[in-house]
Structure formats: structure tokens, C-alpha cells
There are 2 protein chains.
Amino acid sequence: MNVTDVIEDRRSVHDYTDEPLDDETLETIFERVKHTPSGYNLQPWEFLVLRDEENQERLRGHAFDQDHVTGAAAAVVVLGNTDPAAHAGRVFDDWLDKGYLPDAETRDGLVDQVEGWRERAYEENRVWSTRSTALAAMTLMYAAWEEGVASCPMEGFDPEGVKEEFDIGAGYEPVMLLTLGYPEEDATDTEKPRKLRRPPEEMVHFEAFDPEPHAEPAAEVTEAAEADATASDD
Amino acid sequence: MNVTDVIEDRRSVHDYTDEPLDDETLETIFERVKHTPSGYNLQPWEFLVLRDEENQERLRGHAFDQDHVTGAAAAVVVLGNTDPAAHAGRVFDDWLDKGYLPDAETRDGLVDQVEGWRERAYEENRVWSTRSTALAAMTLMYAAWEEGVASCPMEGFDPEGVKEEFDIGAGYEPVMLLTLGYPEEDATDTEKPRKLRRPPEEMVHFEAFDPEPHAEPAAEVTEAAEADATASDD
């Protein structure tokens, strides 16, 4: 499928068929995901893929009981490794082998530099890891759509609860959840009109940064209605 | 171009031709970018696009003097708005208008909830903004490639210096820099073999999180060699 079509047609889907996601399809999708760029090519991402109904129930318990977590063929916990140096040795060995670096000293210097990042404030490494891992999550959604597999990104969950439930080590940051599956033909998500998007003339600034203030309606705020709205996008 | 080809063929490019990036091409690219999903569809991204040589020089001064910042047709500062509620009013009005919400009370409750996020620690909103903005940056790289425009993502820069230089308000977080331009036919980036990528069997974990420890060569670390290596990916 044309990349423009994938970008424009992709919708976040909550209603999936019962068709399972087989190993081969997941392999195909993640073979694409691995090509995602990352800072220094350090690839800090990990994916916990839950297809087992019981495990999906466990996840749902920490995801505001959103029913597509168990209704999807797979629920994925997208994790960022907050240790920048986790793969530094092999990554820079590879740079040296392939002629991206002039000599072993330079390679060692890079390893040293990235190992030094371990001393940064945890929040810095959390932002660092989120940045590259989100790039991979975007690739995942596009690669899945190409295979006919819809997705729904979610940030509405309790990260600490998820970490504890699945015994995820302290150094890993749940960046988002994603559900994956084949969309119902009449999924409500795809039947409704597309949601508002900010146009290029608003989000792009040439030569100087001049964001326009946007008049927000003075909402009469009532009690936070829970509704069935979720923190997923459209 | 097929999305799989774009994902697999895209390379980060440092060598660009002198061909400028015209308004129409940028418009086409950003018309795609706007479709990126984001948490609650809040679209916290902004893009400062520098085509003017003098402005590129100013940016380069805060980006470790990397020469593709001025050699590219455009250098882009990708910014995340750390105010989650910046666009909440219109976004949830739109949900209500299009039948995604049952009533105005629910809409008001959502605005209230997102406005409440303003009280979170700044670092939480920084992570929040980085997550969605990185998704948009990935879309930008793919959409650009489709138009024949190569890119290079960079995290090697001084964010505070960039903010000060371009008078960027305190609430905006520079998430990454991207250079954009038409690639030189013999760009060294595309001539060399592709860099190592972690394979799916390493990064995907089924039903339980069991990252394998990776033996890193015990590097004899020398002084940090600056070399011409940058924090960009492959």
C-alpha cells in the first residue's frame, strides 16, 4: 500500500474480529519495526506481546478496564529501555566494522560517552528512551496497517501497575500500550467522520517560532465524566 | 511508494543536493504529518522550519557544528508543547460534534481532566509531549521519503541553547532536530552497508517480559573521541 494512503487511511480501531494474529504476521510486522531510526542507533525498544486471554485480562486491569485490550488479537506493551548503553558495545562495533568510524579509539570514545549518559538524571533517560521508542511505535502502526492489521495506541493506563503485574524491571519505561487486530468491517471508529486535525499552517512555523494563541472556549467545567472515552487517539 | 519499501529503504542522509525545498512540497509533507495519532488527539507538536542560510547557521551553533544543518534544504526544530490542554477545547468540541461523546457534560469533563494534567510534574508533561511529538516526527520522515526528500533525525544539540536562540517559550520542548533535503546521488550514508538492527526475536517478548542480557564487549574506554560521529541514527 502506498505510504500516503497508509498515513491518511490509518484509523485507531477499538473493534476487532476474532481472527487471531499468527506468528508469521507478527514477524513480518516487527521485521519492519526494526528499521526505525533511533538516537545513535541504540534501539532502546522492547515489545511485550500478549495474545493469551488471561494475560490480556491482567493488562486490562491496569488500563482503565478498556474492553479492546481483551477484544484485540494482541495487546502490546511498548517499553523503552532507559539504559542508553544497553546495546552500545555492539552498535559501535558495527559502526567500526562497516566503516562509519575511523578507528577503535573513536568507537571506544562513543561507548564511553553513551555509558556516561547513565549518570544523567533518570528523567533525562526516560525522555531519551521515550523519543526513540515512540518512533518505533509509529512504524509498528504503519507496518501493521499494511498487513491489514489495525491498531489503537493508548496512554490511558497505570504504568507502575503494568510494570508490577508483568514483572518488568525498573529500567524499563512503558511508553504506550497498543492493541492490534483485524478490524470489524463496521468498526465504529472507521464509520464516524475523522476527528479534527490541526492544519499545517498552524503547526508549521517558517524561520521564526510564532505559535498563535488559540482562543479556547471558556468551558463550564463539570465533574469529570468518565464516559467511555479513552486516552487513545482517533 | 509502498510503505514497506519506505520503511526498509529510508536511510538517514547527511549529504544533500543544492535543490531547495519548495513550499508546495513542504505543504504536501505536513498535510500527511497532521494525521499522526496522539494521546486524546491533542496534537502537541510544532515545527520550526529553517530554510534561510543565516538561520541554519544559528541552529548549527547549538548542534555541535554538524555541517548538514546548513547543507540541508531545511533544518527543522521539532517541538513538543508541554501544555496538554493547549488544544483541548476544540479537540473535545470536535468529538462532541462528530458523535464521539454522548453529551456536553462529558466533553466538559474531558477538558477538565486534561487541564488537570497541567498540575502534574513538568517532567510528566515533558514525557507526554515527547511521546506524541515523536510519532509525528516519524510520520514526517516517511512522508518526506515518499516525496523523494531524505531526512536525518538528530538528538545531538543543546536544547536550551536552541530555545534561547529562537525565542522559543518555556512551555515548548525541543524533541529533536531533523534535516531535510534531496539526497546526493552518492551520499555516503546510502552507499555504506546498513547498520545493525536488533532482530524481532530479541525485541519481541511473548506473554512474559524476559529481555536477554547481552554480553557487551568489555571495551577499553579511551578518551571520548569527538570524531565526526553524530547522535543521528543510521
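Note on naming: letters A, B, ... go to the chains in the order of the sequence lines (proteins, then strands), and numbering restarts at 1 for each one.
- Of the residues considered (F166(B), W128(B), W145(B), Y142(B)), Y142(B) shows the highest number of contacts with chain A, using heavy-atom pairs under 4.5 Å.
- The shortest non-hydrogen separation linking A137(A) to L135(B) is CB-CD2, 4.3 Å.
- If you take NZ on K192(B) and CH2 on W95(A), they are separated by 10.0 Å, rounding to the nearest 0.5 Å.
- For Y172(B), the part lying near chain A is the side chain, with the backbone staying farther off; criterion is any non-hydrogen pair under 4.5 Å.
- Two residues are said to be in side-chain contact when any heavy atoms from C-beta on lie closer than 4.5 Å; E146(A) and V6(B) fail this criterion.
- With hydrogens and angles ignored, the 3.5 Å screen pairs no side-chain donor or acceptor of E8(B) with any backbone N or O of R32(A).
- Neither the backbone nor the side chain of V114(B) comes within contact range of chain A; no heavy atoms are under 4.5 Å apart.
- Both the backbone and the side chain of V33(A) come within less than 4.5 Å of a heavy atom in chain B.
- In this structure, R198(B) contributes its side chain and W45(A) its backbone to a donor-acceptor pair below 3.5 Å.
- Of the listed residues (V204(B), T28(B), N81(B), D210(B)), the one with the most heavy-atom contacts under 4.5 Å to chain A is V204(B).
- Counting heavy-atom pairs closer than 4.5 Å to chain B, the top-ranked of the candidates E54(A), M141(A), Q56(A), R51(A) is R51(A).
- The number of heavy-atom neighbours closer than 6.0 Å to CD of E164(A), taken from other residues, nucleotides and ligands shown, is 12 or below.
- A salt bridge links R126(B) to E124(A): one of the charged nitrogens lies within less than 4.0 Å of a carboxylate oxygen.
- The nearest pair of heavy atoms linking K98(A) to R194(B) is NZ-O, 2.7 Å.
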Step-by-step salt bridge (Lys or Arg N to Asp or Glu O under 4.0 Å) determination, R131(B) to E173(A) | CA-CA 12 Å; R131(B) 182 189 300 123; E173(A) 180 74 19; over 6 Å; no
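- What you find for R10(A) and H35(B) is that their closest heavy atoms are NH2-O, 3.3 Å.
- Between Q43(B) and M203(A) the shortest side-chain heavy-atom distance does not fall below 4.5 Å.
- The greatest number of non-hydrogen atom pairs below 4.5 Å with chain A, out of T130(B), N2(B), L42(B), is found for N2(B).
- Checked by atom type and distance alone, the side chain of E207(A) pairs as donor or acceptor with a backbone atom of D52(B) at under 3.5 Å.
- Here the shortest heavy-atom pairing between R197(B) and N41(A) reads NH1-OD1, 2.7 Å.
- The OG1 atom of T139(B) lies 4.5 Å from the CE atom of M138(A); values are rounded to the nearest 0.5 Å.
- Between F209(A) and L48(B), the shortest heavy-atom distance links the atoms N-CD1, 3.8 Å.
- K34(A) and E201(B) are not joined by a salt bridge, as no carboxylate oxygen comes within less than 4.0 angstrom of a charged side-chain nitrogen.
- For D167(A), the CG atom is loosely surrounded, since the number of other residues' heavy atoms within 6.0 Å does not exceed 12.
- At a threshold of 4.5 Å between non-hydrogen side-chain atoms, the residues M1(B) and T4(A) do not count as touching.
- Heavy-atom pairs under 4.5 Å with chain A were tallied for M176(B), E27(B), E147(B), E123(B); the largest tally goes to E123(B).
- Side-chain atoms of K195(A) never come within 3.5 Å of backbone atoms of V91(B) as a donor-acceptor pair (strictly under, hydrogens ignored).
- Using a 4.5 Å cut-off between heavy atoms, L59(B) does not touch chain A at all.
- Considering all non-hydrogen atoms of both residues, I7(A) and A143(B) come closest at CD1-CB, 4.1 Å.
- Looking at L26(B), the atoms closer than 4.5 Å to chain A (heavy atoms on both sides) all sit in the side chain, from C-beta outward.
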